[in-house]
Amino acid sequence: MNLKATQKYAAVDLGAESGRVLVGSFDGEKLTLDEAHRFANTSVRINHARGETLHWDVLRLWNDIQDGLGKAAHSGELSGIGVDTWGVDFGLLDAEDQLIGNPVHYRDARTDGMMEAAFELVPRSEIFASTGLQFMQLNTLFQLMALKNSPQLEAAKTLLLMPDLLNFWLTGEKASEYTIASTTQILNAQARAWDENLLAKLGLPSHFLTSIQPAGTQRGTVRESLAGRIGARGTAVYAPGCHDTASAVAAVPANEGNWAYLSSGTWSLMGLELVQPLINEQVAHYNFTNEGGVGNSIRFLKNIAGLWLVQECRRAWAREGHDYSYAELTEEAAGQAGGTSFIDPDANDFLAPDSMPEAIAEYCRKTGQIPPESVGATIRCCLESLALKYRWVLERLEELSGQKIEVLHIVGGGTQNKLLSRLTADCLGRVVIAGPIEATATGNILTQAMARGELKNLTEIRQIVRASFPLETFEPKPTSRAAWDAAYEKFLRLSA
């Protein structure tokens, strides 16, 4: 895999809390990453006649992306650019390709009651049989239900999911990448095509949907009007795993054996890599999901409200004048005794509370537990509760797949929280391998390299990841098993 010269790629990676443009230098054997630009991703609330809506500030994000790509291009000629973002959210374009309003944030309340409204028209079981997707009210399907009969939907000529919208602004080409399309709950999981029949039964249009391309497709080149400003004339734009988790899973440094992955960030996404979707009544009962992966794989997983819990606690305390760093919060949590109180991270109480610490305290009170009384105790509660939820998901993954999972690979920014990795290994009683931190950008860049013929498949991508980045192994401590078993029994009673 030796290349004649080192190739440089830019990865535009947008998360729910921040965005970044990274430059990857790939010599055929190792990948190195350098951060060109990092910026906040701040949502905006806007009042209107029907109340208040939570939006993404997509125009400011687009400006930051251009700044970042300009800095990336300045570091050397780019062989490719790839964009990945979170799932489900979208922009609508009119007949002149003008954006119809700022894209709405998936945590906006407009989807309240939309799942129930959809099930009145099409049974839940029928929607799952087609899409194989976990039911969450934030899914694109229910966002469209909330727009039913709206002027925006009537004026829309094109729907583009967030990375596809940014790729359109980069290249002028309209298309949908498979992994991001698979998050919508309007994609037939077996056919890997839009379920226009489902949309029709729900009274929703389908004319604005674009063709679906697999991960690793070249979307075009940087449009001329933009290329001069950022210094990337003629640069190829690739659609990697445009869903950030798809790119992160591509970068899981697994070798062989039975393993599961956990992409850890604002969300925790925990699952298995399969060849075909796994859709049956038991999967539906546990509300697991089948999403697309790089190499036409299936990411069979569960979405879990991850470090969002900690992020929102930090924001709440900052509003009160206490600006803790994440390292300080983790240190405070490490000094606390464990096993005092737990929450279900996926309870609706924590979807978008005004104050996360108050929501956690109230949840503990209503479930007959002692609320955490300090900053450290609150964060300890969050981290232990996540570890316990990971155990429940791992047990269900084994039950549904028939596999015995030996190793859990944790990738993404959440690997920087070593306390969470340690708690997870002890709670699961399995080996945890943490790293790489920038898994999403890594998978994004190496999928671009694969699209250019520099790598053959996921096996070679993962070989490069293992050679390029430090990994940390956490062995479970047998002495903690009894305490975690007792904590797990208590945790299970919370949602019983």
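Any value given below was found using the heavy atoms of this structure, including those in side chains, with hydrogens, waters and symmetry copies removed.
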Under 30°, 30 to 60°, or over 60°: which ring-plane class applies to [X] and [Y], parallel, tilted or perpendicular?
{"X": "F350", "Y": "Y363", "value": "tilted"}
{"X": "W56", "Y": "H105", "value": "parallel"}
{"X": "Y286", "Y": "F288", "value": "perpendicular"}
{"X": "Y324", "Y": "W317", "value": "perpendicular"}

Point-to-point distance, once rounded to the nearest 0.5 Å, from [atom1] of [X] to [atom2] of [Y]:
{"X": "L161", "Y": "L166", "atom1": "CG", "atom2": "CG", "value": "11.0 Å"}
{"X": "L160", "Y": "T210", "atom1": "CG", "atom2": "OG1", "value": "5.5 Å"}
{"X": "S263", "Y": "I304", "atom1": "OG", "atom2": "CD1", "value": "11.0 Å"}
{"X": "F142", "Y": "L144", "atom1": "CZ", "atom2": "CG", "value": "10.5 Å"}
{"X": "S341", "Y": "I360", "atom1": "OG", "atom2": "CD1", "value": "9.0 Å"}
{"X": "R380", "Y": "E332", "atom1": "CZ", "atom2": "CD", "value": "12.5 Å"}

Is the backbone of [Y] close enough, under 3.5 Å, to the side chain of [X] for a donor and an acceptor to pair up by distance?
{"X": "D89", "Y": "Y106", "answer": "yes"}
{"X": "D349", "Y": "A359", "answer": "no"}
{"X": "N139", "Y": "L141", "answer": "no"}
{"X": "N188", "Y": "A193", "answer": "no"}
{"X": "N41", "Y": "G19", "answer": "no"}
{"X": "K302", "Y": "G271", "answer": "no"}
{"X": "D195", "Y": "I186", "answer": "no"}
{"X": "E35", "Y": "H37", "answer": "no"}
{"X": "T266", "Y": "W308", "answer": "no"}
{"X": "S182", "Y": "G292", "answer": "yes"}

- Testing I379, L419, V310 for side chain to side chain contact (heavy atoms under 4.5 Å, CB included) with T330, which one passes? L419

- Item | With Y390, the side chain to side chain contact (heavy atoms under 4.5 Å, CB included) member among L423, V432, T424 | T424

Considering non-hydrogen atoms only, spot the tightest contact between [X] and [Y] and give its length.
{"X": "F135", "Y": "R124", "value": "CZ-O, 3.4 Å"}
{"X": "T179", "Y": "E177", "value": "OG1-OE1, 2.6 Å"}
{"X": "A250", "Y": "V294", "value": "CB-CG2, 3.9 Å"}
{"X": "T415", "Y": "I410", "value": "CG2-O, 3.2 Å"}
{"X": "K71", "Y": "A36", "value": "CD-O, 3.3 Å"}
{"X": "F342", "Y": "L388", "value": "CD2-CD1, 3.5 Å"}

- Could you check Y9 against Y238 for ring pair (Phe, Tyr, Trp, His ring centres under 6.0 Å), going step by step and ending with a plain yes or no? CA-CA 10 Å; Y9 297 89; Y238 296 96; 7.3 Å; no

Decide yes or no for [X] and [Y]: does some side-chain heavy atom of the first lie under 4.5 Å from some side-chain heavy atom of the second?
{"X": "Y326", "Y": "N417", "result": "no"}
{"X": "V393", "Y": "L262", "result": "no"}
{"X": "L307", "Y": "L420", "result": "yes"}
{"X": "L301", "Y": "N303", "result": "yes"}
{"X": "F469", "Y": "L31", "result": "yes"}
{"X": "D34", "Y": "S75", "result": "no"}
{"X": "I212", "Y": "L187", "result": "yes"}
{"X": "L428", "Y": "W484", "result": "no"}

Side chains of [X] and [Y], donor plus acceptor under 3.5 Å:
{"X": "D108", "Y": "Q143", "answer": "no"}
{"X": "T111", "Y": "Q137", "answer": "yes"}
{"X": "D13", "Y": "T440", "answer": "no"}
{"X": "Q7", "Y": "Q448", "answer": "no"}

- Message: Assess the residue pair L14 and I65 against the criterion (side-chain contact (heavy atoms from CB on, under 4.5 Å)); give the C-alpha distance rounded to whole Å, side-chain angles, the decisive distance to 0.1 Å, and a yes or no.
- Response: CA-CA 9 Å; L14 295 187; I65 288 168; 4.1 Å; yes

- Item | Over 12 foreign heavy atoms within 6.0 Å of CD, E331 | no

- Message: Are more than 12 heavy atoms, taken from residues, nucleotides or ligands other than N255, located less than 6.0 Å from that residue's CG atom?
- Response: yes

Quick test of your reading of the model: are [X] and [Y] salt-bridged, counting only N-O distances below 4.0 Å?
{"X": "R315", "Y": "E17", "answer": "yes"}
{"X": "R391", "Y": "D485", "answer": "yes"}
{"X": "E312", "Y": "R107", "answer": "no"}
{"X": "R462", "Y": "E273", "answer": "yes"}
{"X": "R38", "Y": "E438", "answer": "yes"}
{"X": "D344", "Y": "K389", "answer": "yes"}
{"X": "R60", "Y": "D64", "answer": "yes"}

- Chi angles and distances behind the salt bridge (charged side-chain N to carboxylate O under 4.0 Å, His left out) call for E384, K490: CA-CA 12 Å; E384 288 190 338; K490 182 177 178 181; over 6 Å; no

- Item | Full working for side-chain contact (heavy atoms from CB on, under 4.5 Å) between M450 and E460 | CA-CA 9 Å; M450 185 172 68; E460 290 196 353; over 6 Å; no

- Task: Evaluate side-chain contact (heavy atoms from CB on, under 4.5 Å) for R192 paired with N296, printing each intermediate quantity in order.
- Result: CA-CA 10 Å; R192 307 192 184 200; N296 286 321; 3.6 Å; yes

- Task: I would like to know whether L69 and L170 meet side-chain contact (heavy atoms from CB on, under 4.5 Å); could you show each step before the answer?
- Result: CA-CA 11 Å; L69 288 175; L170 274 170; 3.8 Å; yes

